[in-house]
Amino acid sequence: MNLFALLRLCILGTILLFSVIVMGLAANLTANTITLSFPGFAVAVSVLTIIALTPILVIDRLRKGSFLSWVVVEFGVSAVLWVLWLASASLTTSSGLFTGDCGIWISSRLESFCRQYSAVQAFSWLNWLLFKVYGILLLVLAILAAMKGHKRVWFSPASDLSFSPTHTHSGEPKIPPPGAVPYQNTGGSPMPYNTTGGSYNAGPNPNPAYPGYVPQGQYAPPAGSPQPSYGAPYGSPVPPPPNPHASHV
């Protein structure tokens, strides 16, 4: 597991934990208050977050490459939930139900409501902040991977993203290193060639015990035929081939 995959798991797991806390506290406030609207909205956002993130984390661990773990899907879900948590935190803060220190309330019931209200407000802002950080990381790393040659980065698992993408998605280098031999014959030995001009260089004989041996993939001229010179200047005469009937005359 790379660094971003571990960070992703920690961020989404923390958001799920905070969502469960907000859901419990807001549900208690909803059951004890009638005129306030923010507890019900906080419960709805918490439930949506749990429903959206649980399959993403579970299915990604059970089935690699599921569409629920695609970068484009996670980014879209994170963007929607980021807006919802911003609205929930803003609505909770703007209600102004309790301000200041909760210890000033004489009634233990009011002090309990004050602390629950403060917790819902705090965890709502924290979830909004975590979604914002995760969305920015997801977008930046996806753009970096696309610039490195990963053309299908938006449809790949988000856990495969890395802080330092150096290769394409297939693992093949985009540009061969200098001096690499571009051709490999079936015999396993490279075909050397001369790129500076001049005559063809076939290299040393790999099997000195057999002078007539020619490596697989190289051309062997027939015995008795003139050896062509690839480095001869253009227009130079080429000796004629021997006449096979000359000995019978």
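The model shown is predicted, which means the values in this text are computed figures rather than measured ones.
Counting heavy atoms from C-beta outward, L137 and F163 have side chains that approach closer than 4.5 Å. With contacts defined as side-chain heavy-atom distances shorter than 4.5 Å, the pair W125/T92 does not qualify. For the pair F131/S78, a side-chain contact is recorded, criterion being any heavy-atom separation below 4.5 Å from C-beta on. Counting heavy atoms from C-beta on, the side chains of F123 and N127 never come closer than 4.5 Å. Side-chain contact between V153 and L141 is absent, with no heavy atoms from C-beta onward closer than 4.5 Å.
For the residue pair T93 / Q121, a side-chain donor-acceptor distance below 3.5 Å is found, with atom types taken as modelled.
For residues 40-53, the side chain to side chain donor-acceptor pair (under 3.5 Å) pairs, not counting sequence neighbours, are T49-W85. Sorted by first and then second residue, the side chain to side chain donor-acceptor pair (under 3.5 Å) pairs with a member in residues 130-147 read R8-Y134, E74-Y134; sequence neighbours excluded.
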Which pairs of donor and acceptor atoms, one on a side chain in residues 10-17, lie under 3.5 Å apart (sequence neighbours left out)?
{"residue": "T14", "atom": "OG1", "partner": "C10", "partner atom": "O", "Å": "2.7"}

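Under the 3.5 Å distance criterion, the side-chain polar atoms of T54 are left unmatched by any main-chain donor or acceptor of I51.
In the hydrophobic clustering of ILVMFWY residues, with side-chain heavy atoms under 4.5 Å counting as a link, V73 and V58 come out apart. Hydrophobic clustering (ILVMFWY, side-chain heavy atoms < 4.5 Å, transitive): L53 and L62 are in distinct clusters.
Screening N28, V47, V120 for a side chain to side chain contact (heavy atoms under 4.5 Å, CB included) with M23, the sole residue that qualifies is V47. When each of F75, W70, F67 is paired with F155, the ring-ring contact (aromatic ring centres under 6.0 Å, His included) condition holds for W70 and for no other.
When every heavy atom of L86 is checked against every heavy atom of S90, the shortest pair comes out as O-OG, 2.7 Å. V71 and L138 get closest at one heavy-atom pair: O-CD2, 3.9 Å.
Atom-to-atom distance recorded for S156:OG and L161:CG is 6.0 Å, nearest 0.5 angstrom.
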